[in-house]
Amino acid sequence: DAGVIQSPRHEVTEMGQEVTLRCKPISGHDYLFWYRQTMMRGLELLIYFNNNVPIDDSGMPEDRFSAKMPNASFSTLKIQPSEPRDSAVYFCASSKWFSGANVLTFGAGSRLTVL
Amino acid sequence: AQSVTQPDIHITVSEGASLELRCNYSYGATPYLFWYVQSPGQGLQLLLKYFSGDTLVQGIKGFEAEFKRSQSSFNLRKPSVHWSDAAEYFCAVGGVTGGGNKLTFGTGTQLKVEL
């Protein structure tokens, strides 16, 4: 398996622009997570899906952020409009429920810079 | 609420020396505990996990961790560090009671290895 695949790896955009980050989870995994990593706040869970259904989006910072999972093979995280404080590394992770917990496999991340 | 504390932000060790990274957790029930490693520009990779049973768990790359319920700790150890171990290490906690679906990560410990 190729692992969790994220694109783009790097994105530089200007404030106010729409940003779309993409994720392809590992085949057979039924959970998908979006995390954000910054120096100031560390790793923050934004949202997670189970069987393509959003379960907990309490970590989504504000309405400018939205996430979708139209099928088991694809998810997007969209920021519209983007702001400089959104600059971070965004990680997608997928997992399969195992003995009462999720063991996450992470993608390589998408580094977003908003100017 | 579940939480993880990694008290050491940075640690420097000499190659060949032993290593111990500290992790303390707060969780209302039996925790599921994880250690992940992140190399620069990469996603997080699972080193090891504890779900139940033997409190000393072995992981990849020669790492081990010991779960101590009385101390609410899950410290990571390696008897002899290699230069390639330089990376950031994250402890995480999850579990069945309300948190099994998602992990809470510590703020990480940056390991530097001196040759």
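This one's a predicted model, so the numbers in the text were calculated from it and none came from an experiment. For the numbers below, each heavy atom of this structure counts, side chains included, while hydrogens, waters and symmetry mates do not. Residue numbers start from 1 in every chain, and the chains themselves are labelled A, B, ... in the order their sequence lines are given, proteins ahead of strands.
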Checklist entry - Yes or no on salt bridge (charged side-chain N to carboxylate O under 4.0 Å, His left out) for B:E66 and B:R77, after CA distance, side-chain angles and deciding distance? => result CA-CA 8 Å; B:E66 186 171 13; B:R77 300 195 296 250; 3.2 Å; yes

Checklist entry - Taking the six-membered ring where the residue is Trp, are the ring centres of A:F91 and A:F33 under 6.0 Å apart? => result no

Checklist entry - Less than 6.0 Å separating the ring centroids of B:F63 and B:Y89? => result yes

Residue part contacting chain B, namely of [X], when any heavy atom lies under 4.5 Å:
{"X": "A:Q37", "value": "side chain"}
{"X": "A:N50", "value": "neither"}
{"X": "A:R9", "value": "side chain"}

Checklist entry - Which answer fits B:L44, side chain, backbone, both or neither, if we ask what part of it has an atom under 4.5 Å from a heavy atom of chain A? => result both

Item to check | Under 4.5 Å from a heavy atom of chain A, the part of B:Q45 involved | outcome: neither

Checklist entry - Checking salt bridge (charged side-chain N to carboxylate O under 4.0 Å, His left out) for the pair B:D85/B:K78: CA distance, chi angles, key distance, verdict? => result CA-CA 10 Å; B:D85 294 325; B:K78 187 169 185 178; 2.8 Å; yes

Checklist entry - Would a distance-only check, ignoring hydrogens and angles, find a side-chain to backbone donor-acceptor pair under 3.5 Å from A:S87 to A:P84? => result yes

